[in-house]
Amino acid sequence: MSTRVLTGITTTGTLHLGNYVGALRPAIAASQAPDVESFFFMADYHALIKCDDPDRVEASRMQIAATWLAAGLDTQRALLFRQSDVPEVCELTWLLTCVTAKGQMNRAHAYKAAVDAAVAAGEEPDSNVTMGLYSYPILMAADILLYNAHRVPVGKDQVQHIEMARDVAQRFNHLYGQDFFVLPEAEVEAEMELLPGLDGRKMSKSYDNVVPLFEGGAEALRSAVAKIVTDSRGPGEPKEPEGTALIQIFDAFATPTERAQMRAELRAGLAWGEAKQRLVAQIEKELGPMRARYAELMADPERIESELQRGAERARAIARPLLARLREAVGLRRSRVLPGQAAADVPKAVPPLVKQYREADGRFHVKLTQGDAVLALSPGFESGREGAQWLTALKQGGAGAVSLAEAGDPGALEAALTALRQQDAERERAKARKA
Ligand code: TRP
């Protein structure tokens with residue numbers, strides 16, 4: 001099975017060069033690996049926690065989507081979607097909320113920081129805390145678990161949230177007795193923390209030291225680079241490049257040869273002003289063509305929209321069957337005759353039926369029916385054994401775990417699978433009694 005890699009970006013602002021070098025570029029490169037399935041989404045439900053300006057949420061979402069596309073994400077393979085287009089994530093959030101310990105949420109960094117700030121300002125500890133902020137890690141866990149992501153590339157500040165997602169996944173799996181959820185791993189890329197801002201500290205909006213990515217065009221890039229802090233050595237004076245913000249940003253866009261050459265020239269006295277012009281040219285080589293695509297996309301919101309809708313459909317195709325299994329498992333089920341209540345006068349529910357048969361082409365198929373309804377039909381297999389394996393995988397993992405030539409109502413299918421699992425368990429018990 002391929003590895004699922006997933007990450008979300010909260011849609012409250014625009015992206016800067018540090019986001020591109022630290023997150024976008026490596027994520028897009030990683031999404032090209034053959035055995036990787038990538039999921040990228042605009043976390044707009046999360047945006048509501050810290051932003052009550054609807055236009056800003058919308059503009060940011062469009063800009064971030066356009067940025068992913070302009071930077072070359074291949075949406076034939078990777079999934080790009082808007083979190084709020086998959087409402088299943090809210091339902092999963094509730095299921096997870098019900099098994100999450102409050103004490104664990106008390107320990108979340110974002111919540112503790114809000115409390116500390118309030119206390120420092122002489123206010124009630126929780127005075128600035130909404131339930132959204134408080135439950136933020138559970139929504140994030142749902143984002144990850146809904147797609148059974150294996151790896152989650154994030155910045156250091158998010159590692160705690162991934163650990164919470166693991167915990168809650170484990171608790172849920174244990175409580176309901178099946179491996180519904182993969183336990184995700186955080187992946188903190190060294191690169192993610194690296195790019196310095198104009199003043200040499202980490203590039204971040206909160207330090208107001210960012211180089212914008214596309215917004216403001218080439219001009220904004222040039223004027224930001226002009227503000228990079230350097231020492232006061234003049235033209236002709238030898239300069240030590242190592243450790244400067246300028247050289248670190250340059251490195252992020254240069255080949256090893258170009259890096260060596262820039263260092264040599266600075267040591268030989270290249271003026272800082274000249275070096276900055278070269279830095280702009282170096283960044284432009286990579287970003288210029290992307291910025292042009294970005295402008296085209298921003299002028300064509302329908303195209304962005306149709307990409308996002310297609311991504312959401314693919315995401316929901318994965319989310320829906322898992323949620324059907326979860327609903328069944330926790331007892332949010334269709335009404336049925338309860339065990340022990342099947343008295344003679346109660347009409348018997350039609351039990352689900354499994355048939356294995358061979359088509360004229362000699363291929364083996366497995367079909368799960370209930371009454372007249374076909375709930376699941378396997379693809380054609382070379383052997384009956386493969387058919388049996390398919391059925392086992394379907395019983396263990398639900399509709400999401402196998403390929404289906406035909407699928408019926410997901411709720412009915414899950415209910416039938418529960419019945420089959422119960423039959424199997426019954427048979428096991430009978431065997432154990434005999435032995
Ligand atoms: N909380 C993340 C941030 O602020 C964004 C996010 C939301 C996310 N859901 C996610 C990241 C799921 C990774 C996986 O950066």
Side-chain angles (χ1 to χ4, degrees), residues 3-16 18-24 26-28 30-31 36-51 56-57 60-61 63-65 67-68 78-90 92-93 96-97 100 105 108-114 130 132-169 181-189 191-193 195 202-206 210 311-312 315 318-319:
T3 306
R4 286 189 173 166
V5 181
L6 170 141
T7 201
I9 300 189
T10 307
T11 53
T12 45
T14 54
L15 299 176
H16 55 66
N19 301 131
Y20 172 76
V21 169
L24 245 74
I28 291 176
S31 75
V36 163
E37 251 184 292
S38 302
F39 296 71
F40 302 115
F41 64 93
M42 268 57 68
D44 51 356
Y45 282 136
H46 276 106
L48 302 184
I49 294 169
K50 43 181 171 174
C51 178
R56 177 146 165 237
V57 172
S60 168
R61 186 215 75 228
Q63 287 163 349
I64 292 175
T67 302
W68 280 104
L79 279 81
L80 178 71
F81 58 100
R82 176 168 38 202
Q83 183 187 30
S84 65
D85 280 336
V86 188
E88 283 79 7
V89 78
C90 284
L92 178 55
T93 299
L96 299 178
T97 299
T100 301
M105 293 299 103
H109 296 318
Y111 168 66
K112 285 210 316 206
T130 61
L133 175 64
Y134 191 66
S135 308
Y136 174 117
I138 312 180
L139 176 57
M140 186 159 158
D143 284 330
I144 299 167
L145 302 181
L146 189 55
Y147 308 105
N148 273 322
H150 302 89
R151 290 193 279 135
V152 187
V154 283
K156 269 203 215 108
D157 56 328
Q158 298 289 322
V159 171
Q160 185 194 35
H161 295 150
I162 313 302
E163 273 153 20
M164 289 176 162
R166 283 177 72 87
D167 265 19
V168 86
F181 298 125
V182 165
L183 305 185
E185 311 254 3
E187 196 171 70
V188 183
E189 301 212 19
E191 272 177 302
M192 281 203 171
E193 303 298 323
L195 204 69
K202 178 189 168 190
M203 191 180 289
S204 158
K205 284 216 185 74
S206 33
V210 306
I318 298 170

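Each ligand, and each atom within it, is numbered from 1 in the order the structure gives.
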Please report the C-alpha distance between Y45 and T93 in whole Å, then the side-chain angles of each, then the deciding distance to 0.1 Å, and finally whether the side chain to side chain contact (heavy atoms under 4.5 Å, CB included) criterion is met.
-> CA-CA 12 Å; Y45 282 136; T93 299; over 6 Å; no
With sequence neighbours left out, what residues match D44 under salt bridge (charged side-chain N to carboxylate O under 4.0 Å, His left out)?
-> none
Evaluation steps, side-chain hydrogen bond (donor to acceptor under 3.5 Å, both in side chains), between S204 and S206 = CA-CA 5 Å; S204 158; S206 33; 2.7 Å; yes
Put together the list of close N/O pairs, under 3.5 Å, between ligand 1 and the protein, could you?
| unit_1 | atom_1 | unit_2 | atom_2 | d |
| --- | --- | --- | --- | --- |
| ligand 1 | 1 (N) | Y136 | OH | 2.5 |
| ligand 1 | 1 (N) | Q158 | OE1 | 3.1 |
| ligand 1 | 4 (O) | T10 | OG1 | 3.2 |
| ligand 1 | 4 (O) | Y136 | OH | 3.1 |
| ligand 1 | 9 (N) | D143 | OD2 | 2.7 |

State whether the number of non-hydrogen atoms from other residues, nucleotides or ligands found under 6.0 Å of K205 atom NZ is greater than 12.
-> yes
Please test E185 against R151 for salt bridge (Lys or Arg N to Asp or Glu O under 4.0 Å), starting from the C-alpha separation and ending with a verdict.
-> CA-CA 5 Å; E185 311 254 3; R151 290 193 279 135; over 6 Å; no
Are Y147 and F41 close enough that their ring centres sit under 6.0 Å apart?
-> no
